[in-house]
Amino acid sequence: MIKEKSQKPAESSSSETHSQEFLDALRHSCAHVMAQAVQELFPGTKISIGPAIENGFYYDFDSPHRFTEEDFPKVEKRMREIAQGNHPFKGQEVSFEEAKKFWEARGEKYKVEILEGLKGQKITHYCHDSYTDLCRGGHLENTKLLRHFKLLSVAGAYWRGDEKNPMLQRIYGTAWATKEDLEKHLKMLEEAKARDHRKLGTELRLFAISEKIGPGLPLWLPKGAVIRSILERYIVDLERSLGYQHVYSPALARVELYKQSGHWDHFKENMYPAMQFENKEELVLRPMNCPHHIMIYKNDLHSYRDLPLRIAELGTMYRYERSGVLSGLSRVRAMTLNDAHIFCLPDQIRSEATATLRLIERVYKDFGFKNYWFRLSLRDPADKIKYVDNPAMWDKAERLLKEALSEVGVSFKEAAGEAAYYGPKIDVQLHDALGHSETLSTLQLDFYLPERFDLEYVDKDGARERPVMIHRGIVSTMERMTAFLIEHYAGNFPLWLSPVQVKILTLTDAEESPARALEEHLLAAGLRASLDLRAEKIGAKIRDAQLEKIPYMIILGPKDVAAKTLSIRLRDGRQAHGISEEKLIQELTRENASKTLSPTWLDPK
RNA sequence: GCCGGGGUAGCUCAACGGUAGAGCAAUCGCUUCGUAAGCGAUAGGUUGUGGGUUCGAAUCCCAUCUCCGGCUCCA
């Protein structure tokens, strides 16, 4: 039972005084109290599980009642009454038979099923007030500590997380130790909505999805296309400087290619169906670029001296993602991946892997990503269907990836069951605006496809040997990266990524000609400039430019024209006057190249 | 794909069985203005689509497409 160390009045304490252990207990206890309230209010509701999760809790119910958010006030009210009833949480060990009798008598079939799995282990019941749950514990001392909670949403969830099982109704809630923490969290959720790339992408005219074209098939509007082409040029130039060779390969291929690679067997249901051509050959849209790059490798006989061979491509591919998983630009059916396959000697694996990890860190620094972590994604050894069955190969690959991680000196978490079917990976995880973890970069070690495609190189002694493949993506797909950048910057892109970098706002019609001249000079200097010559008040033009999140506004009026200098306004509200055109171009060019987020050449706000 | 909730003008939303409306945006006038919304007028919709119930459907029912919150999946 968890007793909070500092028993300060909850209202005045801050989050730092509450341990994760306490918060978990609070949230788990809140789940129990919610289950009690729900069972009281909606007779016939059966309980299953209700754990604490990050920032809150949920409970999965099987109920004749269809829960909606309209039920929440009623449930919350009852929860409050229960919590204020000053009920202690009591744990009690029970025998298997006793527990089984108890849950069977109540018709709680999910609890009985959980219980069956616990046979032979210690079994405990936790009770508060009139409610009893089969639970391993981790609760508050008393329900009265539960004060700051809110129910958030109701959703479907498969029993035991298996889509073959029936779907239960899950109610999510959030719970905190203090009122301030709860309010802070609710505010964060509100703010996250404003950063959502689907909302900002629409407002800022970056991309659009047309129902006529189809779900998951985004259109890149001119402004989004600017960002994408910057990303593409950035990564291609960087990779070329590191010895990658960029290629182009077709997005269509004979289905046999994917049968040989194993993708057809593993992912057929997520591939667009084969197209028949004159009733003979069958073509598929590629769901992956690897086999194409393998064919490029096989186009030549390679000496060990040629390796490592780093074949890269902004490869466009098509996956029939299930309808329910599509989301804006982050989960789509047509995507272009910053892909590369490194064909190397076995003793080059480590240096190639460490170089790739360093490249990832270099790129993240350029984009200002700080909140990321490395995940060593391993197979589930019990699953012989999903993963290639070759334990020795897996052990070796895992060991090599761990060595690379420790050489680069980054910490990582291991995750079983997250590997690719052909080998383990290092995934780099970042959080989106709503706190969901997403994979951006990945590095996959593969001994399997070289085998399937019988890849070889000629070794020193003239013998044919098998190369190893490293699959890696740094900036992910252009779609996902763009979605991520929108949320990361909340649409306030640094200068180098801004679709429009400078907007010239004229005060009166008299400034039209100097404004056009200025725009021309900026464009000639390689800066992305545009004009606002509308017959609007300057306040309105500024407002519109602010809403477009344009980094630099040039307010051009009679005084500026007379003085032959410029008045500048930044989107953060900063202003500068009397700047010469030359100075502006010089500083913006510098800022553009530095990739900095906040311009430093003007006085801080 | 599954569970639940939504699709009304370019965008954000109202009307919830009785003639489909507002703000912003757009267009046209007037206004020529110094750091986040000047004024007026005009135009804009088979209420996602297809069926059904009804004297009458945006509203109720069925199917379907699509979006959102989750679940499952993610080479």
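Quick note on labels: first sequence line is chain A, next is B, and so on, each numbered from 1.
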Under-3.5 Å donor-acceptor pair between A:S567 side chain and B:G34 base: yes
- request: State whether the distance check finds a donor on one side and an acceptor on the other, under 3.5 Å, for side chain A:R331 versus base B:C73.
  value: yes
Considering just the side-chain nitrogens and oxygens of [X], establish if one lies under 4.0 Å of OP1 or OP2 belonging to [N].
{"X": "A:K268", "N": "B:A75", "answer": "no"}
{"X": "A:R322", "N": "B:U72", "answer": "no"}
{"X": "A:K559", "N": "B:U35", "answer": "no"}
{"X": "A:R543", "N": "B:C24", "answer": "no"}
{"X": "A:Y421", "N": "B:C73", "answer": "no"}
{"X": "A:R574", "N": "B:U35", "answer": "no"}

Do [X] and [Y] come close enough that some side-chain heavy atom pair is under 4.5 Å?
{"X": "A:R472", "Y": "A:I342", "result": "yes"}
{"X": "A:V332", "Y": "A:M335", "result": "yes"}
{"X": "A:C344", "Y": "A:I349", "result": "yes"}
{"X": "A:D62", "Y": "A:K109", "result": "yes"}
{"X": "A:L445", "Y": "A:W394", "result": "no"}

Name the nucleic acid region contacted by [X], choosing base, sugar-phosphate or nothing; use a 4.0 angstrom heavy-atom cut-off, strictly under.
{"X": "A:K199", "value": "nothing"}
{"X": "A:G539", "value": "sugar-phosphate"}
{"X": "A:G161", "value": "sugar-phosphate"}
{"X": "A:Q444", "value": "sugar-phosphate"}
{"X": "A:D544", "value": "nothing"}
{"X": "A:L505", "value": "nothing"}

Using the [atom1] atom as the point on both nucleotides, what is the distance between [M] and [N], in whole Å?
{"N": "B:A9", "M": "B:G50", "atom1": "P", "answer": "16 Å"}
{"N": "B:G69", "M": "B:G21", "atom1": "C1'", "answer": "30 Å"}
{"N": "B:U47", "M": "B:G29", "atom1": "P", "answer": "33 Å"}
{"N": "B:C24", "M": "B:A37", "atom1": "P", "answer": "13 Å"}
{"N": "B:G23", "M": "B:G40", "atom1": "P", "answer": "10 Å"}
{"N": "B:U54", "M": "B:C61", "atom1": "P", "answer": "16 Å"}
{"N": "B:G4", "M": "B:C13", "atom1": "P", "answer": "24 Å"}
{"N": "B:U35", "M": "B:C30", "atom1": "C1'", "answer": "24 Å"}

Quick one: [X] [atom1] to [N] [atom2], roughly how many Å, whole number?
{"X": "A:K541", "N": "B:A37", "atom1": "NZ", "atom2": "P", "result": "14 Å"}
{"X": "A:D162", "N": "B:C3", "atom1": "CG", "atom2": "P", "result": "15 Å"}
{"X": "A:Y387", "N": "B:C73", "atom1": "OH", "atom2": "P", "result": "10 Å"}
{"X": "A:N270", "N": "B:C73", "atom1": "CG", "atom2": "P", "result": "12 Å"}
{"X": "A:L547", "N": "B:G23", "atom1": "CG", "atom2": "P", "result": "19 Å"}
{"X": "A:D196", "N": "B:C68", "atom1": "CG", "atom2": "C1'", "result": "10 Å"}
{"X": "A:R205", "N": "B:U12", "atom1": "CZ", "atom2": "C1'", "result": "12 Å"}
{"X": "A:H263", "N": "B:C73", "atom1": "NE2", "atom2": "C1'", "result": "16 Å"}

Is there a Watson-Crick or G-U wobble partner for [N] with both distances under 3.5 Å, and if so, which one is it?
{"N": "B:C71", "answer": "B:G1"}
{"N": "B:G7", "answer": "B:C65"}
{"N": "B:A57", "answer": "none"}
{"N": "B:U27", "answer": "B:A41"}
{"N": "B:A22", "answer": "B:U12"}

Nucleotide nearest [X] when distance is taken to its side chain, options [options]:
{"X": "A:V325", "options": "B:C71, B:A36, B:U35", "value": "B:C71"}
{"X": "A:A535", "options": "B:A75, B:C33, B:C74", "value": "B:C33"}
{"X": "A:A540", "options": "B:A37, B:C74, B:U35", "value": "B:A37"}
{"X": "A:A155", "options": "B:G70, B:C74, B:G34", "value": "B:G70"}
{"X": "A:M167", "options": "B:C65, B:A75, B:C3", "value": "B:C3"}
{"X": "A:I542", "options": "B:U35, B:G69, B:G38", "value": "B:U35"}
{"X": "A:Y158", "options": "B:A75, B:C71, B:G4", "value": "B:C71"}
{"X": "A:K537", "options": "B:C33, B:C74, B:G69", "value": "B:C33"}
{"X": "A:P215", "options": "B:C67, B:U72, B:U35", "value": "B:C67"}
{"X": "A:L507", "options": "B:G69, B:C71, B:C33", "value": "B:C33"}

Look at the rings of [X] and [Y] and say which category their plane angle falls in: under 30° parallel, 30 to 60° tilted, over 60° perpendicular.
{"X": "A:F343", "Y": "A:H341", "value": "tilted"}
{"X": "A:Y422", "Y": "A:H471", "value": "parallel"}
{"X": "A:Y110", "Y": "A:W159", "value": "perpendicular"}

- prompt: Of A:A576 and A:R319, whose closest RNA chain B nucleotide lies nearer the 5' terminus?
  reply: A:A576
- request: Would you mind telling me which residue lines up with the more 5' stretch of RNA chain B, A:D509 or A:A420, judged by nearest nucleotide?
  value: A:D509
message: Checking A:D380 against A:Y387: is there a side-chain donor and acceptor pair closer than 3.5 Å?
response: no
